[in-house]
Amino acid sequence: MSPLQEKLKKALQLKQSHQIIIGVALGLCMTLMSAQRLLNTSLDTSLTRKSAELLTADIEIASTQALSTKNIDIISDTLPAHQSSRRQLFSSMIQFYGQQTKLVEIMAIEPNYPLRGQCSAMDTAGNIVPVSTLLSSTQNAIVIGKALPQITDITFGSTIKIGNFTGTVVGIIHQEPDISIQSLKLGPRIYMALDNVTATGFDQQLSRKYHSTFIAFDAPEESDPWVNPLSNALGIEGNRKTIQGSYGPSQPIVVRSFRDMNESVLRGFSSVNQFFLFLSLFILLLSGTAFGFIIWTTIIQKLPDIGNLRYLGIQIRQIHAFYNSEALRVASIATVLGLIMGAIIAQLCQWFIGTQLNLPFALITIHPMDLLFIAGFSIIGIYLMTRCVMKLTTSTRLFDQEQPQRASLQIIGLMALLLLGFMAAFLLINQVSFIQTLGLIGGFFTVFLALNGIDRLGSRCLKIIPTKNASLPQRLAIKYLSDGHTLRRMAFISICFSLIAMFSMAHYEKSLNHEFNPKNSDKVLPSLFVTDLYNHQLAEFKAMISQPHKLSPLSRTRILSINNQALAKYVEERDLSNTTFLYREQNLSSRDTLYETETLDEGEWFDPNNNTIEISVEERFAKRLKLRLNDQIQFSIFGLPFTGTITSFRSVDWSTFDPNFFMLIEPPHLKEFPQTWISAIYTKSDTETLDVQAALAQAFPNASVIDIQNTSEKVLGFFKTFIVAFKLGALFSFFIGGCLFLLLGKLYVDIRKESYNMLFWIGMSQRNIRKISLIENLWFTGMTAVSALIISLIIVSILFGTLIPIQLKINGLATGIIITSLIGIVFLEWKLKEGRNDL
Amino acid sequence: MAHESLPQFETFRYNNIMIQLTDIQKNYDGPSGEIEILTGVSIPIPPKASIAITGPSGSGKSTLLRILAGLEPPTKGRVIVHNQNIYDLTDDDRATLRSQTFGFIFQSFRLFPALTVIENIQLSLDIKGTKNSDTIAHEWMENVGLAHRKDHLPETLSGGEQQRVAIARALATNPSVIVADEPTGNLDKKNSDGIQTMLQSCMEASNAALVLVTHDIELAKICDTQYELSNGQLLK
């Protein structure tokens, strides 16, 4: 480095504390962006490799009822030479050691299962052998999942009753190829031979089961040309591939290939991906604002020196080159660190997802294009942002050491546009649709404009406040605050963005917690939930259960049409964006009164004198499907047609864990159709719960008895992961916001120092001068917090009103803590300055 | 970083005039239309001349200096340096011209707070591309009587001392023109007299011309020629 360069560096250098703040903010942003990007690519690559094994075959023909002979013939006629295998998957209670019971997931398989991948278990001698070999070894052999011996005493040789079938444990699972179909497994797995299923005595039509017929060719890719012909031959409409959204009376079966499996798994984990995406976006916004704010204030402070250097003959491009290289240096360090941290997070996430999918541990796949994308995004972004700010140095006003106000405002606007442009590019590159990107960017821009307006309005209001009776410090503070200072506005916007992120996440967390965490409920919750009781078992059930309980009939159905319009036409007419709830299996129930926890929002409750079959629809479900009063819905219950008219919308409190339903049919019209019963039972103690559970499992082996406490803990497990992630996001925001807040305080002191000195010289006491500072800071803090709180409430209200249909709950505690902390910092600064004489 | 690769500007005399400001006009956009700051200002600056420009605050003195230094283009008129209108040059070439032709002294000293006193002097020499900047800077520290303070930061110096460093910085590059903008404006009488004496003796020892901008009539008298800037117009 030449002597000139050394001196230039010394004269122009960004403060080390500023460099650290920029570096940390950028590093965090890069960490999240890298993690999101690397995980996405890596999962895609590894799942494509494993997808045939995850499906256990090349093609799966899935249904909720066993395939008819006709369909079996169609499959065999359509496909060329292939292997096939069948499987049934269902939840059931098991009984062991006489009295003990447990809810498990049963895998009933044929001897050649799986067609792809390995499904092996350890036998009594400790050898690892295929599960099918063990199941064929004795008549009533069963193989248990690893989890079962860990939570019970069941081991080799134990006998387990599944309905009327009694099996003997001959192996413990070592490796499974597939993933669980249900996102929330209710219990550990048990493998049994498919031939033994009839011995359980369960009703093949009424018991809830997932039937699969697997097909394999010589190589998975050979299935590609046969997926569509097979779907057509089986008369499957559309291209739906998931169990919930695809089949029903109108589409009784679904055909999906290993490639669909890959897509559906990726889609299943897209919430993780989307979470990373939006968290990255927030942090991108915050770190971009923080970077812009810091570089802008640094250059503003350095303007006199830059002007001086220009008098001495330094070329403007030398100054630009210096700051560009400084920015690039910080950006490069932050990017490299961010990439390393992001790779670690992506590896941890992949490992976590891998354990969920039974995938062996594998290092993440790092694609060079991803690295280029992340590095390019960061470095180009910082470079352009710095170039924007550099425009300040060409202003001729700087030679008088004045703040170039108009140039500043133009540059802030330019930086905001640049940031929004980068956010848009980031979203589009991540396959977010153009419309959604436009909506998001429009939203951010609106918030930006709103904050600008609030600050401007605040300044104007202060100018007209009558100050006749105010003390001198109050009058001076109001005078200072009413000046439309660019620095203050930029700080206001930056800190507001940070606070909006924090408040929004806090409200979101609270709302999620309220919606899904049964522990938060102050109501008396049931202890057990019983499903799949048959009609003929009802009398015995009622006689057996002395505890308080609620019973509801349940008929599984699909919506055939609405107002006699095909569903596709209905979707078009009502402009329905999400059709999942329209095509999925629907559970209908019937009762003649509302629960105490339900309220009628619109329409009239069932009128027995009315000739029509009335339907009461849950209001959020109605909103999702854009249903209206007097809409007629045509159902098919096991092939039997049924039409009802919507006569009311009602609010349901789902947190009661009562047998709640989206659609209730006026009694007694549902009675004629095939139905099962569900019940919620309220016990007084854990012992009583266990006793009732055991008695029910023995009396009704076909019924599933779900322990609400255990289930809620599983739900909470998933839920807590999200909450932790949200808290981390809020923490990031708090950190960046805190950095900005401290920086602002320091800059304000610098700006005010001269006027405070003057006030001291002309006789104002130090205490009164500190009072001015306190009033200014308190007003600024209050205005920032209140503005951010209001905007965050508007954002979450819009979000919950449109995209996430859950009830908004304001997180008063977090809001209070954040605002108290901010005010606390202001008072702490005031107290720390007491007695100091360094004006 | 130094300007060795750029053309060196020879000292050029055009009719014995080194620098000529011709018919300079400068307008700014004001809240109620254009404001005329300078009107038809013409100043010849011959070699070794000393010119004082006086005028009340807001008369356009600082604007005139920025135009002379090539930092702010005039609305109309030309600034001829070395037989060339400097506003026909690129921004980079004007910067090179400044480093080699001008030395500036300001009312508020404008030393770099992050650099030591000697580094402040070395910086202008380094910008010009002078090879032995260290030796020259030390000589100038001796000349202004601050050799013992060379490693101090400017903020530890008194106002008078800081201005002596600023004078050393301006003269160390051996410029053709010294532009001094209210050099004693921030100083008390004693320091002001000291700086005036030092400036006079330095100017006598150098070959540079002096353009002194001041509202102090007494200080202006040290110059051979005095102009008054009033309402944007120059009166001799």
Side-chain angles (χ1 to χ4, degrees), chain A residues 1-19 298-299 301-326 390-402 404-407 410 750 753-754 757 838, chain B residues 1-4 6 26 28-29 62-63 65-67 69-73 90-106 108-116 118-131 133-134 137 153 166 169-170 172-173 175 179 181:
Chain A
M1 197 185 278
S2 72
L4 175 62
Q5 282 173 316
E6 272 175 29
K7 289 180 194 80
L8 270 184
K9 188 178 175 193
K10 226 171 152 180
L12 295 174
Q13 199 170 33
L14 275 75
K15 283 182 184 169
Q16 204 174 14
S17 58
H18 290 192
Q19 288 188 40
T298 303
I299 301 295
Q301 285 183 320
K302 289 284 181 191
L303 282 185
D305 285 343
I306 292 171
N308 203 4
L309 276 170
R310 291 194 65 195
Y311 267 116
L312 294 183
I314 278 287
Q315 294 165 357
I316 195 77
R317 64 184 170 88
Q318 287 176 293
I319 294 166
H320 289 187
F322 173 79
Y323 281 114
N324 284 335
S325 69
E326 282 286 287
M390 282 299 118
K391 280 185 175 294
L392 276 174
T393 61
T394 56
S395 165
T396 55
R397 309 297 295 169
L398 64 92
F399 304 111
D400 288 340
Q401 305 197 15
E402 289 172 10
Q405 192 84 3
R406 190 190 288 179
Q410 284 172 352
D750 289 348
K753 204 167 186 174
E754 209 168 310
N757 267 329
D838 57 351
Chain B
M1 188 77 69
H3 299 314
E4 284 159 338
L6 292 169
K26 183 67 186 178
Y28 281 126
D29 289 334
S62 297
T63 306
L65 278 195
R66 285 202 298 270
I67 292 173
L71 287 164
E72 187 167 356
T90 63
D91 199 60
D92 282 357
D93 284 345
R94 278 205 301 278
T96 307
L97 177 74
R98 262 195 308 279
S99 71
Q100 299 189 358
T101 309
F102 292 95
F104 293 93
I105 303 164
F106 300 98
S108 53
F109 327 128
R110 295 208 190 174
L111 299 177
F112 293 96
L115 302 184
T116 61
I118 191 140
E119 282 173 336
N120 264 283
I121 299 172
Q122 284 169 338
L123 178 64
S124 58
L125 290 159
D126 290 337
I127 292 171
K128 191 183 178 187
T130 308
K131 292 262 193 256
S133 66
D134 195 41
L153 288 173
R169 181 177 71 178
T173 56
V179 179
D181 184 3

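Reminder, nothing fancy here: chain letters follow the sequence lines and each chain counts from 1. Predicted model, so just to flag it, every value in this text is computed and none were measured.
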To the nearest 0.5 angstrom, please state how far the CD atom of B:E119 sits from the CD atom of A:E6.
8.5 Å
So, taking the atom named CG in B:D93 and the one named CD in A:Q315, what distance separates them when rounded to the nearest 0.5 Å?
7.5 Å
What heavy-atom pair brings B:A114 and A:A11 nearest, and what distance separates the two atoms?
CB-CA, 4.3 Å
Can you tell which part of A:L12 gets under 4.5 Å to a heavy atom of chain B, answering side chain, backbone, both or neither?
neither
State, with a plain yes or no, whether a side-chain heavy atom of B:P113 is found less than 4.5 Å away from one of A:D305.
yes
Structural part of B:R94 lying under 4.5 Å from a heavy atom of chain A
neither
Any side-chain heavy atom of A:L312 sitting closer than 4.5 Å to one from B:R110?
no
Could you grab the distance from atom CG of B:L71 to atom CD1 of A:I316, nearest 0.5 Å is fine?
9.5 Å
Report yes if some heavy atom in the side chain of B:L123 is under 4.5 Å from a heavy atom in the side chain of A:L309; otherwise report no.
yes
So CZ of B:F104 and CZ of A:R310: to nearest 0.5 Å the spacing works out to 11.5 Å
Under a 4.5 Å heavy-atom cut-off, does chain A meet the side chain of B:L125, its backbone, both or neither?
neither
Exercise: identify the closest heavy-atom pair between A:Y311 and B:R98
O-CD, 3.5 Å
Go through the atoms of B:F102 and report whether side chain, backbone, both or neither lie under 4.5 Å from a heavy atom of chain A.
neither
Between atom NZ of A:K10 and atom CG of B:L115, what is the distance when rounded to the nearest 0.5 Å?
6.0 Å
Quick one: are A:N308 and B:F106 in side-chain contact, heavy atoms under 4.5 Å?
yes
One should read off an interatomic distance between B:D126 CG and A:Q5 CD, to the nearest 0.5 angstrom, of 10.5 Å
